[in-house]
Amino acid sequence: MSEIKKFDLLGVNYAALDYTKTVDIIINKAATNNSFGVSALAVHGLIEAYNNRQLNTLVNTIDLVVPDGQPIKWALNYFFSTELADRVYGPTLTWKVLQAANDKALAIYFFGSTEHTLNLFIQEIKNNFPNIAIAGFHIDRFREANADEDADDILKINASGAHLVLVGRGCPRQEIWVAEHLGKVNAVMMAVGAAFDFHAKTVKQAPKWMQDNGLEWLFRLIQEPNRLWKRYLFTNSRFIFLILLKMFKIQK
């Protein structure tokens, strides 16, 4: 497999790939139990990494970071002429990976979220992808594991025979977990966040026209204003400011 070309956007190395190429890479790695990290990183994750040098270093150790948000796609196209036709949206990527995993009868482990959401998500997978083996799952502790717990988690995942580990702990906790378990977990680890809730149908997805026009944040803000208002007020405005600054410097 040829080396993945990456582009530095505000300090994060993005792979400018479409869904097909991304899924091919993930499935090829998963089929041979490669320890491999994937993150679908939107504006929130990018700005978190920009603001935190330690997090930035960890994110850039993840093997494949793809542009989840439309603004990320637009920026990559503008600054690097990547000609991306679409973003690589985490929930859609997850579903496409599940389709390909079903074709190859791969085994999947789930790490994160609540028991309720996991049960609903796993049932959706059983209904739609009968060839996928459910290797196991781990409900989020909503805290970081201690050394003994972490060692036990790794042992359970590897013993399960999982080819893929879907990680839904919220950004940036899921990216940190994936980065810190490279070389330890013998599977492809995908940080996919809201995909758990969307596919479990516990959270509504924005209409397609809002997604296509970069307005998904507004839809989610309306749904969960108390939880998300600070995130979108500060991260979105900071992203716009930094992009304008980068545009000005390039033009200058």
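For reference, positions follow the sequence shown, starting with 1. Every heavy atom of this structure was used, including side-chain atoms; hydrogens, water molecules and symmetry mates were not.
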Would you sort out whether Met190 and Val165 count as a side-chain contact (heavy atoms from CB on, under 4.5 Å), showing the intermediate values?
-> CA-CA 6 Å; Met190 292 178 58; Val165 181; over 6 Å; no
[X]: ring-ring contact (aromatic ring centres under 6.0 Å, His included) partners, not counting sequence neighbours:
| X | answer |
| --- | --- |
| Tyr89 | none |
| His44 | none |
| Phe80 | Phe7 |

Hphob cluster co-occupancy, [X] + [Y], side-chain heavy atoms under 4.5 angstrom:
| X | Y | value |
| --- | --- | --- |
| Leu245 | Ile47 | yes |
| Leu120 | Phe110 | no |
| Tyr14 | Met247 | yes |
| Trp74 | Met210 | no |
| Ile108 | Ile122 | yes |

Would you call [X] and [Y] a side-chain contact if the rule is heavy atoms closer than 4.5 Å?
| X | Y | result |
| --- | --- | --- |
| Thr202 | Thr114 | no |
| Ile154 | His181 | yes |
| Trp177 | Met189 | yes |
| Leu41 | Val66 | no |
| Leu166 | Phe121 | yes |
| Lys201 | Glu124 | yes |
| Tyr19 | Leu93 | yes |
| Gln70 | Asp212 | yes |

Could you walk me through whether Arg238 and Glu48 pass the salt bridge (Lys or Arg N to Asp or Glu O under 4.0 Å) test, one step at a time?
-> CA-CA 10 Å; Arg238 185 154 176 77; Glu48 289 279 349; over 6 Å; no
In Å, rounded to the nearest 0.5 Å, how long is the span from [atom1] of [X] to [atom2] of [Y]?
| X | Y | atom1 | atom2 | result |
| --- | --- | --- | --- | --- |
| Asn60 | Lys6 | CG | NZ | 7.5 Å |
| Ile125 | Leu98 | CD1 | CG | 5.0 Å |
| Arg141 | Glu149 | CZ | CD | 4.5 Å |
| Phe129 | Leu106 | CZ | CG | 12.5 Å |
| Asp150 | Leu155 | CG | CG | 11.0 Å |
| Tyr50 | Leu9 | OH | CG | 11.0 Å |

If we ignore hydrogens and angles and just use 3.5 Å, is the side chain of [X] paired with the main-chain N or O of [Y] as donor and acceptor?
| X | Y | result |
| --- | --- | --- |
| Asn146 | Asp148 | yes |
| Asp18 | Asp86 | no |
| Glu175 | Leu58 | no |
| Ser39 | Ala191 | no |
| Asn102 | Asn131 | yes |
| Asp68 | Val192 | no |
| Thr92 | Val88 | no |
| Ser35 | Val185 | yes |
| Asn158 | Asn186 | yes |
| Asn236 | Val43 | no |

Just by distance, no angles: are the side chains of [X] and [Y] close enough, under 3.5 Å, to form a donor-acceptor pair?
| X | Y | value |
| --- | --- | --- |
| Lys96 | Gln99 | no |
| Thr32 | Asn34 | yes |
| Gln123 | Asn119 | no |
| Asn77 | Thr82 | yes |

Heavy-atom closest contact ([X] atom, [Y] atom, distance):
| X | Y | result |
| --- | --- | --- |
| Cys171 | Gly45 | SG-CA, 3.4 Å |
| Ala162 | Tyr109 | CB-CB, 3.7 Å |
| Thr117 | Phe196 | CG2-O, 3.7 Å |
| Asn13 | Val65 | O-CB, 3.7 Å |
| Arg173 | Phe142 | NH2-CA, 3.8 Å |
| Ala30 | Leu164 | CB-CG, 3.9 Å |

Between Ile176 and Leu55, is a side-chain contact (heavy atoms from CB on, under 4.5 Å) present by the stated rule, with each step listed?
-> CA-CA 7 Å; Ile176 293 170; Leu55 176 61; 3.7 Å; yes
Counting heavy atoms not belonging to Phe239, are there more than 12 under 6.0 Å from its CZ?
->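 Enclosed.
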Please indicate whether Arg143 has more than 12 foreign heavy atoms, meaning atoms of other residues, nucleotides or ligands, lying under 6.0 Å from its CZ.
->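 Count over threshold, so yes.
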Evaluate side-chain contact (heavy atoms from CB on, under 4.5 Å) for Ile25 paired with Leu17, printing each intermediate quantity in order.
-> CA-CA 10 Å; Ile25 291 169; Leu17 301 175; 3.7 Å; yes
Report the C-alpha distance between Tyr78 and Ile243 in whole Å, list the side-chain angles of each, state the deciding distance to 0.1 Å, and finish with yes or no for side-chain contact (heavy atoms from CB on, under 4.5 Å).
-> CA-CA 10 Å; Tyr78 180 85; Ile243 290 298; over 6 Å; no
Could you go step by step and tell me if Lys29 and Asp63 meet the salt bridge (Lys or Arg N to Asp or Glu O under 4.0 Å) rule?
-> CA-CA 11 Å; Lys29 296 288 185 182; Asp63 302 282; over 6 Å; no
